[in-house]
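Keep in mind that this is a model prediction, so the values were computed, not measured. Positions are given from 1 along the sequence.
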Amino acid sequence: HNGFVNIGDEKMSKSKGNFLTLRTACPTNDDIRAYRYLAVSSQYRNQLSFTEAGMGAAKSALKRMDNVMNQLNGALPSDAESEVKKDNENAMVVLVAKEMNNFEAALADDLNMPRASASLFGVLKAAETEFKRFKKEEKAAKKSGDEVTPLDTVGLSSVRDAILKMDQVFGVFYEVPNEKNDDGSEKEEEVVDDTIPDEVMELVKSRTEAKDSKDWELADSLRSRITELGFAVKDVKGGEPIVSRV
């Protein structure tokens with residue numbers, strides 16, 4: 001990164017009392033990965049502002065990525081990549097190819113990582129939409145007895161392949177090595193319960209879709225439901241909503 005790291009809108013300085021080390025700023029493995037994504041997905045020529053909102057958005061984005069990858073790995077065989085080459089007319093395959101082209105164009109555009117991140121989430125959304133479609137049909141079939149259209153494994157294979165290729169740049173899918181004690185043993189990671197239930201994340205996604213459709217009444221209703229479950233959602237301009245426990 002070519003710019004300085006600021007704390008909020010101020011330059012980081014010991015004299016101002018806002019000096020942070022990575023160890024204090026990122027106490028958990030998820031924090032470390034989130035900071036990596038925050039730094040890599042920003043424009044390298046600009047200053048990077050380290051804020052609670054920015055880290056919260058990065059952690060939410062990371063959770064979304066992890067959720068999709070876990071779903072993909074659970075639904076697909078390990079050799080599913082070979083299926084992609086067999087169907088270039090699949091709608092999801094075509095969409096993913098378009099996003100990959102956009103991703104590569106973003107890298108060629110002076111490492112425009114915000115634009116590259118948009119392509120990554122375009123791919124993620126394709127998988128989320130397919131899993132949501134399947135779950136909805138499966139639920140309806142229990143009542144009607146109708147057959148459920150199987151998951152589009154060819155399209156989902158292209159999604160996983162694209163995410164892994166993009167991660168060669170982002171580098172967020174990895175296990176953070178634990179710190180070592182003086183005697184060489186591994187330090188135990190600090191346990192922080194910031195898990196957001198899938199039900200809450202689904203409500204957050206539905207609320208985002210309602211806002212995009214300008215259905216403000218539905219969006220407010222979904223926010224109220226999220227609050228009832230003990231969580232708060234904060235909108236971030238140009239980024240993913242931040243979800244936290246109340």
Novice: Pair Glu199, Arg225 - check salt bridge (charged side-chain N to carboxylate O under 4.0 Å, His left out), show working.
Specialist: CA-CA 11 Å; Glu199 179 186 0; Arg225 177 59 182 152; 3.5 Å; yes
Novice: Go through Trp216 and Lys211 one step at a time and tell me if the side chain to side chain contact (heavy atoms under 4.5 Å, CB included) criterion holds.
Specialist: CA-CA 6 Å; Trp216 311 120; Lys211 288 186 63 184; 4.1 Å; yes
Novice: Write out all pairs satisfying salt bridge (Lys or Arg N to Asp or Glu O under 4.0 Å) with one or both partners inside residues 122-139, taking only residues at least two apart or from two chains.
Specialist: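 As it turns out, the salt bridge (Lys or Arg N to Asp or Glu O under 4.0 Å) pairs with a partner in residues 122-139, which skip direct neighbours, are Arg64-Glu128, Glu128-Lys205, Glu130-Arg133, Lys132-Glu209, Arg133-Glu137.
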Novice: On a heavy-atom basis, which atom in Met100 and which in Ala162 lie closest, and how many Å separate them?
Specialist: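 Shortest heavy-atom separation between Met100 and Ala162 comes out as SD-CB, 3.8 Å.
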Novice: Would you check, one step at a time, whether the test side chain to side chain contact (heavy atoms under 4.5 Å, CB included) holds for Phe121 with Val68?
Specialist: CA-CA 11 Å; Phe121 279 93; Val68 170; over 6 Å; no
Novice: To the nearest 0.5 Å, what is the distance between CE (Met55) and OH (Tyr35)?
Specialist: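 Answer for the CE-OH pair, Met55 versus Tyr35, is 8.5 Å.
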Novice: Applying salt bridge (charged side-chain N to carboxylate O under 4.0 Å, His left out), can you list everything that pairs with Asp110, at least two apart in sequence or on another chain?
Specialist: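 Applying salt bridge (charged side-chain N to carboxylate O under 4.0 Å, His left out) to Asp110 gives Arg45.
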Novice: CD of Glu175 to CG of Asn29: how many Å apart, nearest 0.5 Å?
Specialist: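 Glu175 atom CD to Asn29 atom CG measures 9.0 Å (nearest 0.5 Å).
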Novice: Can you tell me how far CG of Leu218 sits from OG of Ser206, rounded to the nearest 0.5 angstrom?
Specialist: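 So the OG of Ser206 and the CG of Leu218 are separated by 7.5 Å.
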Novice: Quick one: are Phe170 and Arg36 in side-chain contact, heavy atoms under 4.5 Å?
Specialist: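 No - every pair of side-chain heavy atoms lies 4.5 Å or more apart.
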Novice: Roughly how far apart are Leu203 CG and Asp198 CG, rounded to 0.5 Å?
Specialist: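 Reported value, rounded in 0.5 Å steps: 11.0 Å.
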Novice: Test of understanding: with salt bridge (charged side-chain N to carboxylate O under 4.0 Å, His left out), list the residues that count as partners of Asp109, not counting sequence neighbours.
Specialist: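 In terms of salt bridge (charged side-chain N to carboxylate O under 4.0 Å, His left out), with neighbours along the sequence ignored, Asp109 is linked to Arg115.
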Novice: How close do Ala106 and Ala116 get, heavy atom to heavy atom, and via which atoms?
Specialist: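 In this case the closest contact between Ala106 and Ala116 is CB-N, 3.6 Å.
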Novice: Go through the structure and list residues passing side chain to side chain contact (heavy atoms under 4.5 Å, CB included) with Asn101, not counting sequence neighbours.
Specialist: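 Counting only residues at least two positions away or on another chain, Asn101 forms a side chain to side chain contact (heavy atoms under 4.5 Å, CB included) with Glu104.
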Novice: Quick one: pull up CZ in Phe173 and CG in Asp167 and give me the separation to the nearest 0.5 Å.
Specialist: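 Between Phe173 CZ and Asp167 CG, I get 5.5 Å after rounding to 0.5 Å.
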Novice: Is a side-chain donor or acceptor of Ser144 paired with a backbone partner of Asp146 at a separation under 3.5 angstrom?
Specialist: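 Side chain of Ser144 to backbone of Asp146: a pair is present.
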Novice: Between Asp152 and Gly155, is there a donor-acceptor pair closer than 3.5 Å when you use the side chain of the first and the backbone of the second?
Specialist: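 Yes, Asp152 side chain to Gly155 backbone: donor-acceptor pair under 3.5 Å.
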Novice: Is a side-chain N or O of Arg33 found less than 3.5 angstrom from the main chain of Leu62, in a donor-acceptor match?
Specialist: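 Absent.
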Novice: Regarding Asp212 and Arg207, does a basic nitrogen lie under 4.0 Å from an acidic carboxylate oxygen?
Specialist: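 Judged by the 4.0 Å cut-off on N to carboxylate O distance, Asp212 and Arg207 do not form a salt bridge.
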Novice: Using the side chain to side chain contact (heavy atoms under 4.5 Å, CB included) rule, take Leu164 and Arg160 through it: C-alpha gap first, then chi angles, then the decisive distance, then the call.
Specialist: CA-CA 6 Å; Leu164 292 176; Arg160 185 170 66 178; 4.2 Å; yes
Novice: Quick check on side-chain contact (heavy atoms from CB on, under 4.5 Å): which of Asn67, Leu72, Ile163 does Leu124 satisfy it with?
Specialist: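 Considering Asn67, Leu72, Ile163, a side-chain contact (heavy atoms from CB on, under 4.5 Å) with Leu124 is found only for Ile163.
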Novice: Which heavy atom of Gly122 sits nearest a heavy atom of Leu95, and at what distance?
Specialist: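 That would be O-CD2, 4.1 Å.
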Novice: List in chain and number order the residues that pass salt bridge (charged side-chain N to carboxylate O under 4.0 Å, His left out) with Glu147, two or more places apart in sequence or in another chain; answer none if no residue qualifies.
Specialist: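 So Glu147 forms no salt bridge (charged side-chain N to carboxylate O under 4.0 Å, His left out) with any residue.
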Novice: Tell me if a side-chain donor or acceptor on Ser42 pairs with a main-chain N or O of Ala39 at a distance below 3.5 Å.
Specialist: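 Looks like yes, one N/O pair under 3.5 Å.
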Novice: For a quick test of reading the model, state the closest non-hydrogen atom pair linking Leu38 to Ala58 and the distance between them.
Specialist: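 Leu38 and Ala58 have their closest heavy atoms at CB-CB, 4.1 Å.
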Novice: May I ask you to list the residues sharing a hydrophobic cluster with Tyr174, side-chain cutoff 4.5 Å, ordered by chain and number?
Specialist: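 Via sub-4.5 Å side-chain contacts, Tyr174 links to Ile32, Val176.
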Novice: Once you round to the nearest 0.5 Å, how far does CE of Met92 lie from CG of Leu156?
Specialist: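 Spacing of CE (Met92) from CG (Leu156) equals 4.5 Å.
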Novice: With salt bridge (Lys or Arg N to Asp or Glu O under 4.0 Å) as the test, pick out the partner of Lys59 among Asp30, Asp31, Asp66.
Specialist: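 Answer to the salt bridge (Lys or Arg N to Asp or Glu O under 4.0 Å) test with Lys59 among Asp30, Asp31, Asp66: Asp31.
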Novice: Are any side-chain N or O atoms of Asn112 and backbone N or O atoms of Gln43, one a donor and one an acceptor, separated by less than 3.5 Å?
Specialist: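 Judged by distance alone, no pair lies under 3.5 Å.
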Novice: Return the minimal non-hydrogen interatomic distance between Ser119 and Phe103, and the atom names on each side.
Specialist: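 Taking every non-hydrogen atom into account, OG-N, 3.5 Å.
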Novice: Do you know which two heavy atoms are closest between Leu120 and Met166, and how far apart they sit?
Specialist: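 That closest heavy-atom pairing would be CA-SD, 3.5 Å.
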